[in-house]
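Chain letters run A, B, ... following the sequence lines, proteins first and then strands; every chain starts at 1.
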Number of protein chains: 2
Amino acid sequence: MFDLDVRSRKPIYEQLVEKIKELIINDLLKKDEQLPSVRVLAQQLTINPNTIQKAYRELEVQGYIYSIKGKGNFVSETTSTIHSEKRVKIEDELTRLISEALYLGMTGDELCGIVREIEQR
Amino acid sequence: MFDLDVRSRKPIYEQLVEKIKELIINDLLKKDEQLPSVRVLAQQLTINPNTIQKAYRELEVQGYIYSIKGKGNFVSETTSTIHSEKRVKIEDELTRLISEALYLGMTGDELCGIVREIEQR
DNA sequence: CTAACTGTACTATTATTATTAATACAGTTG
DNA sequence: CAACTGTATTAATAATAATAGTACAGTTAG
């Protein structure tokens, strides 16, 4: 289900959070869909249930999922707020990166060329 | 000279490496210019000399500086190789980010708009 | 030559943090 | 009731960044 990099600087639980977020944002995990239980997913990924728990907890805090004791963790309604937050984050990152690229001598034309190319895939 | 985030996930020495790299790439540190000694810089930044040493060592390995025992560390000639390596890295990052943005529903026009805006600053 | 600066090397210690491990308790459901 | 869910807690482990302290070697100005 996921591929994690245990030797990344980014902790496993954060990697999990990001991956699951992506799935939710891109609607690959539908509203009210049940996520694997902490124990099952831990076994699948051969990591500790506590690590999964930590990721799920974080996702809950951020509003991506909700959990019901005894039943499981479920995808919550992906609000437009979440989408726009995500967009803002990407725009920030993009701005930083584009600035750097321009600073290194890349041209606006060049950068837009890259955009168009990716757009057509 | 530098502002470091001691509580970042990225280690201090890596932050240093990146900052100095930027200065070199953007020619704010000229060829053969002497860098602050490990002890002096350590005192300025109130961190341990060993941490500076580690950063300088890394910069030397990557070819950004050279060091002469007893004299100091100096900026080496910034080869076009280094520049192109940097560009490749930025392109990779950019590709990833643009893909994500498009996936979230941003349009190519929109992205190019951002590029043009930054370009005119 | 010597003092005061440079880089370099090495070991030990501290601090932080992610992860694991092991339990325990609580709610749900067939 | 058994077997699944989530949740909580504490302790141990592992990895690593950073510090501390010291030592040695080369350079240079006085």
Next item on the list: Please determine, for the side chain of B:R57, which listed nucleotide (C:dT6, C:dA9, D:dA8) has the closest atom?
Entry: C:dA9
Item checked: For B:L4 against B:I47, the heavy-atom pair lying closest together -> CD1-CD1, 4.4 Å
Next item on the list: Please determine, by modelled atom types, if B:N48 and B:Y13 share a side-chain donor-acceptor pair under 3.5 angstrom.
Entry: no
Check: Has B:K69 got a side-chain N or O lying under 4.0 Å from the OP1 or OP2 atom of D:dT27?
Finding: no
Next item on the list: When you get a sec, tell me which of D:dG6, C:dG7, D:dA18 is the closest nucleotide to the side chain of A:V38?
Entry: D:dG6
Notebook entry, point to check: Cut-off 3.5 Å, side chains only: do B:Q34 and B:K71 have a donor facing an acceptor?
Noted result: no
Notebook entry, point to check: Within less than 4.0 Å of OP1 or OP2 of D:dT5, is there a side-chain N or O belonging to A:N73?
Noted result: no
Notebook entry, point to check: Is there a side-chain polar atom (N or O) of B:S37 under 4.0 Å from OP1 or OP2 of C:dT6?
Noted result: yes
Item checked: Closest-nucleotide ordering on DNA chain C, the 5'-leading residue of A:G70 and A:Y13 -> A:Y13
Check: Between D:dA18, D:dA8, C:dA9, which nucleotide has the shortest distance from any of its atoms to the side chain of B:P11?
Finding: D:dA18
Margin query: To check you understand the geometry: which heavy-atom pair defines the closest contact between A:E119 and B:T107, and what is its length?
Written below: OE2-C, 4.4 Å
Note to self: Does C:dT8 have OP1 or OP2 under 4.0 Å away from a side-chain N or O of B:S67?
What the structure shows: yes
Check: Which comes earlier along DNA chain C counting from the 5' end, the contact point of A:N48 or that of A:I68, where each point is its nearest nucleotide?
Finding: A:N48
Margin query: Checking contacts here: which listed nucleotide (C:dT29, C:dC10, C:dT20) is nearest the side-chain heavy atoms of B:N50?
Written below: C:dC10
Check: Please give, in whole Å, the distance from D:dT28 P to B:Q34 CD?
Finding: 10 Å
